[in-house]
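Everything on this sheet refers to the single structure shown next.
This one's a predicted model, so the numbers in the text were calculated from it and none came from an experiment.
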Amino acid sequence: MKKGIMIGVVALLLIIVAASSVYTVKENQYACTFRFSEIVNTESTAGLHFKIPFLDSVKYFPKTTMLYDIPPSEVLTSDKQNMTVDCYILWSISDPQQFYRTLSTTQEAEARLNAITYTALKNAMGRLAQADIINLKDGAERNEIYGSIATTVDAQAVTYGIHVEDVKIKQFDLPDSNLNAVYTRMISERNQMAEKYAAEGNKEATEIRNRVDKEVNIMISDAQADAAKLVAEGEAEYMQTLSDAYDSPEKQEFYEFILALDALKQSLTGDSKTIILDANSELAKILTGAGG
């Protein structure tokens, strides 16, 4: 009976010792083995591992990338204007032993990252004017700023066994005291741009109108000159035709007779058909037959 009890006790002790001799590491974990409060081993390979029972203890740290959303903070631009920056950090533990010695917990790590990132943001934004930040539309330029901030934060965080993978700015905000002034300035700038474009358009329209008016005037002047030339040529041809038609005394006499008849016809208008002619006039002689 006593022998059976002893065997059971021994078996129980062996189970306890065996259970205290192993520990499990997951894929997303670092496992640090402590002996008398000192780290004696670090495991990052997933699976079953061994330790000295009762002397060694195990503490786990995350191996995955973690996101820390930094509370919004104010920074001062190069032109001494306040801006509120809202950003986040992607970070991971690169050296668990160094991480434990300097920070111990992820909460302490986030507090330290908060301070480091704020300093880097303050220095980076302090080199830019507020207007440049507000009008920052170029993606490449924006990524360059983010990259420089991430590099600065990572260089300081490595002393804590931390690797900073990225720092991204979610939003730039203006303090309430500056909003109205900035909006007013932006509206004024847009109005100035609109006035500039309108003035340029009016100037171009005036130049086009002046150019068209000049071309129209030239065309009218040329047309009038051509018309005057044609009239002069017609009159010259007409006079030449007359000259050719009445180049002898007989033709001139006939022409004068035709003109006299036309004059007589013009005078016989209305109800009165009576005309008074001088007896010595050629027309009277023709009408009376006295002219032979």
Side-chain angles (χ1 to χ4, degrees), residues 61-200:
F61 298 99
K63 190 166 62 174
T64 56
T65 299
M66 291 170 280
L67 185 147
Y68 174 47
D69 193 355
I70 298 179
S73 56
E74 287 193 3
V75 295
L76 197 64
T77 61
S78 62
D79 51 349
K80 309 303 179 185
Q81 300 294 325
N82 286 329
M83 294 198 71
T84 301
V85 183
D86 189 5
C87 65
Y88 66 87
I89 303 176
L90 296 176
W91 67 285
S92 60
I93 298 173
S94 58
D95 186 344
Q97 294 190 28
Q98 183 69 10
F99 178 83
Y100 177 76
R101 293 192 187 100
T102 55
L103 300 173
S104 299
T105 64
T106 56
Q107 290 78 12
E108 183 63 27
E110 289 176 348
R112 194 61 54 90
L113 286 172
N114 192 345
I116 296 173
T117 305
Y118 173 72
T119 301
L121 282 170
K122 183 176 66 175
N123 294 335
M125 297 300 103
R127 294 189 291 269
L128 298 172
Q130 187 183 75
D132 296 333
I133 296 173
I134 293 174
N135 298 323
L136 196 62
K137 298 179 180 178
D138 188 355
E141 186 177 357
R142 208 167 37 240
N143 291 333
E144 183 179 348
I145 295 174
Y146 297 161
S148 66
I149 295 173
T151 300
T152 301
V153 176
D154 182 57
Q156 298 183 40
V158 70
T159 58
Y160 304 107
I162 293 175
H163 169 56
V164 175
E165 300 177 13
D166 201 2
V167 176
K168 279 290 188 291
I169 297 175
K170 296 190 295 183
Q171 187 175 3
F172 283 111
D173 283 330
L174 298 171
D176 294 338
S177 57
N178 293 352
L179 280 175
N180 291 333
V182 172
Y183 289 157
T184 301
R185 178 172 56 80
M186 292 176 66
I187 292 172
S188 176
E189 291 177 354
R190 296 304 182 273
N191 288 336
Q192 290 177 3
M193 292 176 61
E195 291 174 358
K196 177 183 176 182
Y197 293 146
E200 292 176 352

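A heavy-atom distance below 4.5 Å is not found between the side chains of Glu108 and Thr102. You'll find the side chain of Tyr88 stays beyond 4.5 Å of the side chain of Ile70, heavy atoms only. Within the 4.5 Å cutoff, side-chain heavy atoms of Asp154 are placed close to those of His163. Between Met66 and Ile89, every side-chain heavy-atom pair lies at or beyond the 4.5 Å cut-off. Residues Ile116 and Tyr160 meet the side-chain proximity criterion, which asks for heavy atoms closer than 4.5 Å. Side-chain contact check for Leu76 versus Met125: every heavy-atom pair is 4.5 Å or farther apart.
At least one donor-acceptor pair under 3.5 Å links the side chain of Asn123 to the backbone N or O of Thr119. Asn191 places a side-chain N or O within donor-acceptor distance of the main-chain N or O of Ile187, the cut-off being under 3.5 Å. Formation of a donor-acceptor pair under 3.5 Å by the Thr84 side chain with backbone atoms of Glu74 is not found in this model. No donor-acceptor pair under 3.5 Å is formed between the side chain of Ser92 and the backbone N or O of Thr65. No donor-acceptor distance shorter than 3.5 angstrom exists from the side chain of Thr117 to the backbone of Asn114, with no hydrogens or angles considered. Under a 3.5 Å cut-off, the side chain of Thr106 and the backbone N or O of Ala109 do not form any donor-acceptor pair.
Residues Ile169 and Cys87 approach most closely at CA-CB, 3.8 Å, considering heavy atoms. For the pair Gln98 and Gly161, the tightest heavy-atom approach, listed with the atom from each and the gap, is CG-N, 3.6 Å. Here the closest heavy-atom approach between residue Ser78 and residue Gly126 is recorded as CB-O, 3.2 Å.
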Check your understanding: Val164 and Leu90: side-chain contact (heavy atoms from CB on, under 4.5 Å), yes or no, with the steps?
Key -> CA-CA 6 Å; Val164 175; Leu90 296 176; over 6 Å; no
Exercise for review: In sequence, state the C-alpha distance, the side-chain angles, and the governing distance for Tyr118 and Val75, and then conclude on side-chain contact (heavy atoms from CB on, under 4.5 Å).
Suggested key: CA-CA 8 Å; Tyr118 173 72; Val75 295; 4.2 Å; yes
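Expressed to the nearest 0.5 Å, how far CH2 of Trp91 lies from CZ of Arg112 amounts to 12.0 Å. Atom-to-atom distance recorded for Arg190:CZ and Glu195:CD is 13.5 Å, nearest 0.5 angstrom. Here Ile162 contributes atom CD1 and Glu110 contributes atom CD; the two are 9.5 Å apart, rounded to the nearest 0.5 Å.
In this structure, the ring of Phe99 has its center less than 6.0 angstrom from the ring center of Phe61.
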